[in-house]
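Structure first, then comments.
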Amino acid sequence: MLALQDVHTHYGLAHILSGVSMEVHRGEVVALLGRNGAGKTTTLKTVMGLVTPTSGAVRLGDEEITGRPPYRIARAGVGYVPEDRRIFTELTVRENLEVGRQPPREGCPVWTEDQVFELFPALAEMRDRLGGQMSGGEQQMLTIARTLMGNPAVILLDEPSEGLAPVIVEQMARAISELKREGLTVLLSEQNLPFCSAVSDRAYIIEKGVIRYEGPMHELLARPRVLEQYLSV
Amino acid sequence: MEFYLVQALNGLASASSLFLVASGLSIIFGVTRIVNFAHGSFYMLGAYIAYTLVQVLPPGAAGYWAAVLGAALAVGLIGAAVELLLLRRIYRAPELFQLLATFGLVLVVADLVLMIWGPEDLLGPRAPGLRGSVMILGEPFPTYELFMIALGPLVLGGLWVLFHRTRWGTLVRAATEDREMVGALGVNEAWLFTSVFVLGSFLAGLGGAVQLPREAVNHTMDLHIIAEVFVVVVVGGMGSILGAFLAAVLISELNAFGILIFPEITLVLVFLIMAAVLIFRPWGLLGRPEGPPRAPAGEHEPPLRLLGRGFLYFCLAVLAAAAVLPHLLPTYYIRIACEVLISALFAASLGFMMTVGGMASFGHAAYFGLGAYGAALAVTYAQVGTGLGLAAALGLGLAGAVLFGYFCVRLSGVYSAMLTLAFAQIVYAVLFQWYGITGGDNGLLGIWPSDWVSSPLAYYYLTLAVVAVSLFLLRRLAFAPFGYSLRAGRDSALRSEAIGIHVRRVRWVGFVIAGFFAAAAGGLFAFLKGSVFPDYSSIPVSVDSLVMVLLGGVQTLSGPIVGAGVYKVLEVFVNRYTEHWQLILGCVLVGLVILFPQGILGYLVGRFGRSGEEWRGVDGAPAGGRAA
């Protein structure tokens, strides 16, 4: 469904991604694990076109989307949920959803305002509240809901559990499982291993811009050495 | 009592027209972050096109209003063309280059308007159906002014509905906050930007078209309105439409009543109100404070280098050449050489502020003009000689810079730069309006140097001495501890505060230094020309200084000096062959920005700095790895 092939990305002179290759199959939840600064966010931004790779290719289905502007990548079916949420603080919940709304896409689950409110009932109760007046957890729900309104085929979630209370993290995990049931493909960047292991089918580990490990989630959990080397702080 | 009511109504009518233009500028800035200098030109085009359409279309109400609407639409289309052909290429360019490009448009439009419609004032017809007047408390009041009073709130309401009740408006408000995210959600921002620009231009065009029955259409409308509009937008808060409306009402009422009490200093009253608002609300009535600006990732300027002995010898050689030069030139060229030197000092003073202080000014001519008038007033009213005249120039420039700088350094980036422009316009207005003292438009004549420097050669040496010492001092200041503090504040205001630098005060001093040396240039210029005019403080002179700085390169201290030399020499020779220096300069500015959107220096680095890539790609180590 989504594939990166030997992707290199630079910020100025700094080499952030050094030949990242990975694949996410239809209907899978894949975790991209790694420490701070390992290149997780850059990987997702490169897929989204927010950063242009210096070389390599990104494919969505049979289409190559490398180097396209972000809006075309979004319209091709990639949904992006940024790490810092980037809620429009001056817009209400419903207006935030409206910005995300796109026409239905063939072969992808279709989302309406009512359906995303069903997924996140807390949002339904504050539909006219301004984005800037919401808590971190509520904003996290809104940013996912906003992306769903674009009816994506693949959704990129950048550290959805970061900075959230444990009870909200649990809700997030339930929501992601729900998305998987709906048939959505998810690429998830995370540092929180328990959260990931609850929702992901497979995992990649990235360190210093290089993929160091790839395998099913349950196999990774059985390798304390690998976890120790690449993930423990 | 009745009279005051009528006066208040007059104020409201003017407020509407100001609001139309200001709201357009504010909307455009909110989304694209471009300060569109050409917005005043769009307003002027609206008026001219409406004038022509009224004559072409059949007479009567339908034809008249079709002409007004048609003019606004035409300006909207012109806006679309400008956005698509020019601005779209330069959204990523540094702010000042965008500004230069839009100023290039100002020059082009100004010259084209002169070519098409000529220099005379054009009187449009009055609006059919609104020609008469109504009695208000026994005073006659023009019906058209009532229409204007209604138009402002109507447009305000229409814009509110557009921005809060349509998908387009929601997208625009979202883009104002976070453009990139809007794009990542599947919205084609490029078209969103174009549509916003069209709306803003349409409003400016409409603002110009409805002026037709109110004032004669003339070719100075563009710069007249742009300064007022900048004031309105800064006072109201950039990006706030309601703020623009409130500020337009406030300022127009102030003008309406101020003209009764102090007919000669209405613009100074505007300035006082603006100052008062900005002391209490630095981001305007309804604006929001912006966070500290972040440098984009991966971009950093090389620090200024203390150049060695070789550079010193080079400077001495240039100085020696400059000392010998006049003996080889005819008298006419000695005067031009003086002008080049004065321009170099003027540009270097602005360059100091921009390069070392990181502060841009759109109104540096204020201090040049104050310097020139300082000298001229001292000569005219106190019959002093050249020495004391120059001292008076420095004194007046210093006073202006201390006063204006106090306010400008409280704001940052574009806000601060717009304020500098507003102050320069105030200086211009005072020089222009205060007829009894400054001679108004006629200027002050007979400002000749004293006997000891009355020959062109002697005056050249005086100029050379003052300029050389000033340039040396400017350079010395940049490398003094004060210069380091100023640069620290430029690179990171927060970190500088954290290590105990009073950034605002350091910037204020930097601002004053820049104004001081600009005044020195102005003083020298007054004696060189033997006369002074309000034009010395006008927007084109401010832009001249910006162009010289940017032409030479803003990243070095000597850049502005080189830029001034190139620019002045070009101006002299181009002027000899054509009357359309403005048009040519405008096209050159636009072309420069399109060809080198990262600046000339950025272009050279990108073109010839390729070798760095080789080591980058070797082992995938981050850049820091090279040191190992």
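In what follows, every heavy atom counts, from backbone to side chain, and hydrogens, waters and symmetry copies are set aside.
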Residues from residues 141-151 of chain A approaching chain B under 4.5 Å (heavy atoms)
A:Arg146, A:Thr147
Counting heavy-atom pairs closer than 4.5 Å to chain B, which one of A:Ala74, A:Ala76, A:Gly19 comes out on top?
A:Ala74
At their closest point, which heavy atom of A:Tyr71 faces which heavy atom of B:Asn188, and how far apart are they?
OH-ND2, 3.1 Å
Under the side-chain contact (heavy atoms from CB on, under 4.5 Å) test, which residues partner A:Pro70, sequence neighbours left out?
A:Leu50
Taking atom CZ of A:Arg127 as the centre, report whether more than 12 heavy atoms of other residues, nucleotides or ligands fall under 6.0 Å from it.
yes
Counting only heavy atoms from other residues, nucleotides and ligands, does the tally under 6.0 Å from CZ of B:Arg88 exceed 12?
yes
Toward chain A: residues of residues 165-177 of chain B with heavy atoms under 4.5 Å:
B:Arg167, B:Thr170, B:Leu171, B:Arg173, B:Ala174, B:Glu177
Using heavy atoms and a sub-4.5 Å threshold, report which of residues 81-103 of chain A line up against chain B, by residue number.
A:Pro82, A:Arg86, A:Ile87, A:Phe88, A:Thr89, A:Glu90, A:Leu91, A:Glu95, A:Glu98, A:Val99, A:Gly100, A:Arg101, A:Gln102
